[in-house]
Amino acid sequence: MPEQVDVLLINPGDRKQIYQGLGDQISAIEPPVMAGLLANYLRRLGFRVAIYDTPALEVSAATAARAAVEEFRATLIVLPVYGYQPSASTQNMTSAGTIARLIKDASPQARILMTGTHPAALPERTMREESIDFVCSGEGPVTLRDTLQVLQNGLDDFSTVPSLWWRSGKQIIPPRTQAPLLQNLDMEMPGVAWDLLPMQNYRAHNWHCFGDIQNRKPYASLFTSLGCPFHCNFCCINAPFGKPSYRMWSPETVVREIGFLVEQHGVRNIKFVDEMFVLNKRHVRGICERLIERGYDLNIWAYARVDTVYDELLDLLRQAGFRWLCLGIESASEHVRDGADKSLTDQEIIKTVRRVQNAGIHVLGNYLFGLPEDTPARMQATLDLALELNTEFANLYSAMAYPGSPLYALAVEKKLALPERWHHYSQHAYETRPLANAHLTAAEILAFRDKAFQTYFTHPPYLELVRQKFGQETVEHLHRVTAIPLRRQLLEHP
């Protein structure tokens with residue numbers, strides 16, 4: 001039995017609920033990076049910490065709750081609610097809420113706190129709806145530290161804890177002050193507590209390993225920066241930070257972390273979780289130059305904006321081991337893209353994609369169907385652009401009003417239909433419900449998205465590109481992916 005700990009961080013998640021049949025072998029299994037960062041922060045302050053990773057261990061919410069009650073005697077149980085991509089916190093709230101309820105059923109005296117993008121966006125509602133004692137409406141580290149100190153002192157007054165929502169009897173108490181954002185990430189939170197995670201269980205995205213599809217393990221993901229300075233109306237990632245922001249770890253700290261993963265865990269496949277890695281030239285250059293000096297054989301992917309892919313960095317990125325860049329193209333319509341804070345022409349997008357590919361880096365294009373100004377014709381134009389670009393992979397999404405995003409505030413203001421339960425925000429869930437707009441119903445948007453997926457991944461020019469670049473084995477893998485059915489409640493019962 002594990003020894004008593006001060007804080008147990010439980011990573012929630014239910015791959016079957018979120019991904020249907022894609023969850024078994026296709027979807028990634030990512031380490032809970034924020035949980036690992038919080039654990040490292042608290043451990044450096046002298047707290048005893050453990051992490052329980054529910055999806056990586058492939059256990060049910062009931063098993064996770066039982067482990068929390070029977071195996072760990074934690075002063076504070078924390079559910080950090082994040083996702084595999086920056087806007088995917090909400091879809092894990094159903095699992096997080098179930099785990100919390102089952103813990104409270106078995107052990108009413110357990111003290112439970114939720115943190116993460118979704119709880120920070122809707123702190124009061126989360127307090128009202130979930131079987132928890134606390135919600136952190138800020139970044140997390142300082143709030144967790146101060147909450148633990150109050151609990152360890154045997155006190156019941158949490159009014160001095162910044163960014164903490166708490167209960168006094170039946171009353172929900174909002175925080176008096178907001179916790180400051182960490183400023184010196186190198187000193188205060190210099191990496192993930194990898195030793196607390198089941199490293200052998202994590203696997204990369206299938207496309208990340210095209211050409212070597214049988215070797216998706218070992219795998220790791222990490223941040224090199226926190227936040228994003230942009231204001232896209234569909235994005236919620238700045239909810240915990242209170243405003244658009246951008247803070248970086250130093251290149252030395254990032255590369256030291258990668259060195260540990262390579263040398264201690266044999267990791268080659270790495271994801272940079274940053275919403276916008278290719279942004280600050282000095283930051284990117286510093287990391288690349290140090291990775292090149294170390295000579296690792298890496299397979300890294302990272303996010304970039306089409307308007308921040310600088311020519312002078314592309315060769316450095318390739319030499320450093322970056323094999324994929326994920327570009328947020330979103331839509332073929334400049335009018336629709338206005339809400340994505342991206343003023344670009346289709347020709348500029350095409351030129352950027354070709355520049356990246358000519359540098360020997362594969363491109364994952366992100367596309368969104370159903371943004372507020374989308375129409376059937378504009379959605380078709382977006383699919384046509386995706387087929388013309390013919391990037392090595394594509395994510396095809398329906399527009400969702402994620403809590404914490406301007407789009408969510410607009411949907412609430414206009415009383416638009418939103419998903420009934422939190423996991424219905426998953427793009428791949430049976431019950432998923434995109435946000436309708438003035439021109440399209442939710443069912444029309446979803447039907448177009450699902451048809452676009454099949455069109456793209458069965459398109460002969462695309463499959464030929466894949467065969468030439470990655471081999472016939474990868475083509476056969478894609479055939480298996482497109483054969484996995486995604487049932488949709490909205491399409492079966494409109």
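Within the 3.5 Å criterion, the main-chain N or O of Gly36 finds no donor-acceptor partner in the side chain of Asn40. In this structure a side-chain-to-backbone donor-acceptor pair under 3.5 Å is missing from Arg66 to Leu102. Without hydrogens or angle criteria, Thr391 side chain to Leu364 main chain gives no donor-acceptor distance under 3.5 Å. A donor-acceptor pair is defined here as one N or O able to donate and one able to accept, closer than 3.5 Å; no such pair exists between the side chain of Thr375 and the backbone of His439. Between the side chain of Asn92 and the backbone N or O of Tyr82, at least one donor-acceptor pair lies under 3.5 Å. Between the side chain of Arg421 and the backbone N or O of Glu431 there is no donor-acceptor pair closer than 3.5 Å. Judged by distance alone, with hydrogens and angles left aside, the side-chain atoms of Glu444 form a donor-acceptor pair with the main-chain N or O of Thr441 at under 3.5 Å. Panel note: side chain Glu476, backbone Glu473; no donor-acceptor pair is recorded below 3.5 Å. Proximity of a side-chain donor or acceptor of Asp297 to a complementary backbone N or O of Arg268 within less than 3.5 Å is not detected. Proximity of a side-chain donor or acceptor of Thr482 to a complementary backbone N or O of His479 within less than 3.5 Å is detected.
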Check the pair Val309, Leu314 against side-chain contact (heavy atoms from CB on, under 4.5 Å), reporting the backbone distance first and the verdict last.
CA-CA 8 Å; Val309 178; Leu314 287 174; 3.7 Å; yes
Could you give me the CA-CA distance, side-chain angles and deciding distance for Val78 and Ile10, then say whether side-chain contact (heavy atoms from CB on, under 4.5 Å) is met?
CA-CA 6 Å; Val78 177; Ile10 302 178; over 6 Å; no
Is there a ring pair (Phe, Tyr, Trp, His ring centres under 6.0 Å) between Phe272 and Tyr303 once you walk through the steps?
CA-CA 7 Å; Phe272 282 10; Tyr303 291 98; over 10 Å; no
So Phe322 and His362, ring pair (Phe, Tyr, Trp, His ring centres under 6.0 Å) or not? Walk me through it.
CA-CA 9 Å; Phe322 288 81; His362 308 310; over 10 Å; no
Show, in sequence, the C-alpha distance, side-chain angles and deciding distance for Arg467 and Glu464, and conclude whether the salt bridge (Lys or Arg N to Asp or Glu O under 4.0 Å) test is met.
CA-CA 5 Å; Arg467 188 189 65 77; Glu464 179 58 22; 2.5 Å; yes
Please determine whether ring pair (Phe, Tyr, Trp, His ring centres under 6.0 Å) holds for the pair Tyr430 and His424, giving the CA-CA distance in whole Å, both sets of side-chain angles, and the decisive distance to 0.1 Å.
CA-CA 8 Å; Tyr430 171 62; His424 299 179; 8.9 Å; no
The test is side-chain contact (heavy atoms from CB on, under 4.5 Å); show your working for Val284 and Phe277 and say whether it passes.
CA-CA 7 Å; Val284 174; Phe277 172 67; 4.1 Å; yes
Chi angles and distances behind the side-chain contact (heavy atoms from CB on, under 4.5 Å) call for His428, Gln20
CA-CA 7 Å; His428 301 96; Gln20 298 190 65; 5.5 Å; no
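Between Tyr397 and Tyr367, a ring centre-to-centre spacing not shorter than 6.0 Å is recorded. Ring pair Phe369/Phe453: centre-to-centre distance not below 6.0 Å.
With hydrogens and angles left out, the side-chain atoms of Glu257 and Trp194 include a donor and acceptor closer than 3.5 Å. At a cut-off of 3.5 Å, with distance as the only test, a side-chain donor of His477 or Asn206 sits close to an acceptor on the other residue. In the model, His118 has a side-chain atom that pairs as donor or acceptor with a side-chain atom of Thr90 under 3.5 Å. Of the N and O atoms on the side chains of Thr224 and Asp274, at least one donor lies less than 3.5 Å from an acceptor on the other residue. A donor-acceptor contact closer than 3.5 angstrom is absent between the side chains of Gln454 and Asp450. Looking at Ser95 and Asp14, their side chains never bring a donor and an acceptor atom within 3.5 Å of each other. Looking only at atom types and distance, the side chain of Gln91 has no donor-acceptor partner in the side chain of Gln427 under 3.5 Å away. Looking only at atom types and distance, the side chain of Glu30 has a donor-acceptor partner in the side chain of His205 under 3.5 Å away. A donor-acceptor contact under 3.5 angstrom links the side chains of His423 and Thr94, judged on distance only.
The SG atom of Cys326 sits 11.5 Å away from the NE2 atom of His208 when rounded to the nearest 0.5 Å. Residue Ile51 holds its CD1 atom at 10.0 Å from CZ of Phe72, rounded to the nearest 0.5 Å. Arg433 CZ to Leu416 CG: the interatomic distance, rounded to the nearest 0.5 Å, is 11.5 Å. Taking CE from Met400 and CD1 from Ile445, the interatomic distance works out to 9.5 Å, rounded to the nearest 0.5 Å. With rounding to the nearest 0.5 angstrom, the CD1 atom of Ile77 is 12.0 Å from the CD1 atom of Ile132. How far CZ of Arg323 is from CG of Asn299: 7.0 Å, rounded to the nearest 0.5 Å.
Residues Pro123 and Trp165 share a closest heavy-atom pair of CB-NE1, 3.4 Å. Across Leu261 and Met199, no two heavy atoms sit closer than the pair CD2-CE, 3.9 Å. In terms of heavy atoms, Ala394 sits closest to Phe457 at O-CZ, 3.3 Å. Here the closest heavy-atom approach between residue Leu491 and residue Ala443 is recorded as CD2-O, 3.5 Å. Nearest heavy-atom pair, Tyr408 versus Ala401, reported as atom, atom and distance to 0.1 Å: CD1-O, 3.1 Å. The two residues Ile103 and Ala68 have their closest heavy-atom pair at CD1-CB, 3.8 Å.
Using a 4.5 Å heavy-atom cutoff, the side chains of Pro80 and Asn11 are not in contact. Between Asn215 and Asn269 there is no side-chain heavy-atom pair separated by less than 4.5 Å. Ile213 places none of its side-chain heavy atoms less than 4.5 Å from the side chain of Phe470. Looking only at side-chain heavy atoms (C-beta outward), Leu325 and Val363 stay at 4.5 Å or farther from each other. At a threshold of 4.5 Å between non-hydrogen side-chain atoms, the residues Val267 and Tyr219 do not count as touching. Between Leu222 and Ile258, some side-chain heavy-atom pair lies under the 4.5 Å cut-off. Using a 4.5 Å heavy-atom threshold, the side chains of Phe448 and Gln380 count as touching. Inter-residue side-chain proximity for Phe134 and Ile112 is flagged as unmet; no heavy-atom pair is nearer than 4.5 Å.
Within a 6.0 Å sphere centred on CD of Gln468, heavy atoms belonging to other residues, nucleotides or ligands number more than 12. Within a 6.0 Å radius of NZ in Lys469, other residues, nucleotides and ligands contribute more than 12 heavy atoms.
Remark: Arg487 engages Glu492 in a salt bridge, criterion side-chain N to carboxylate O under 4.0 Å. With salt bridges taken as basic N to acidic carboxylate O contacts below 4.0 Å, one links Asp133 and Lys104.
Ring pair Phe393/Trp207 is parallel by interplanar angle, where below 30° counts as parallel and above 60° as perpendicular.
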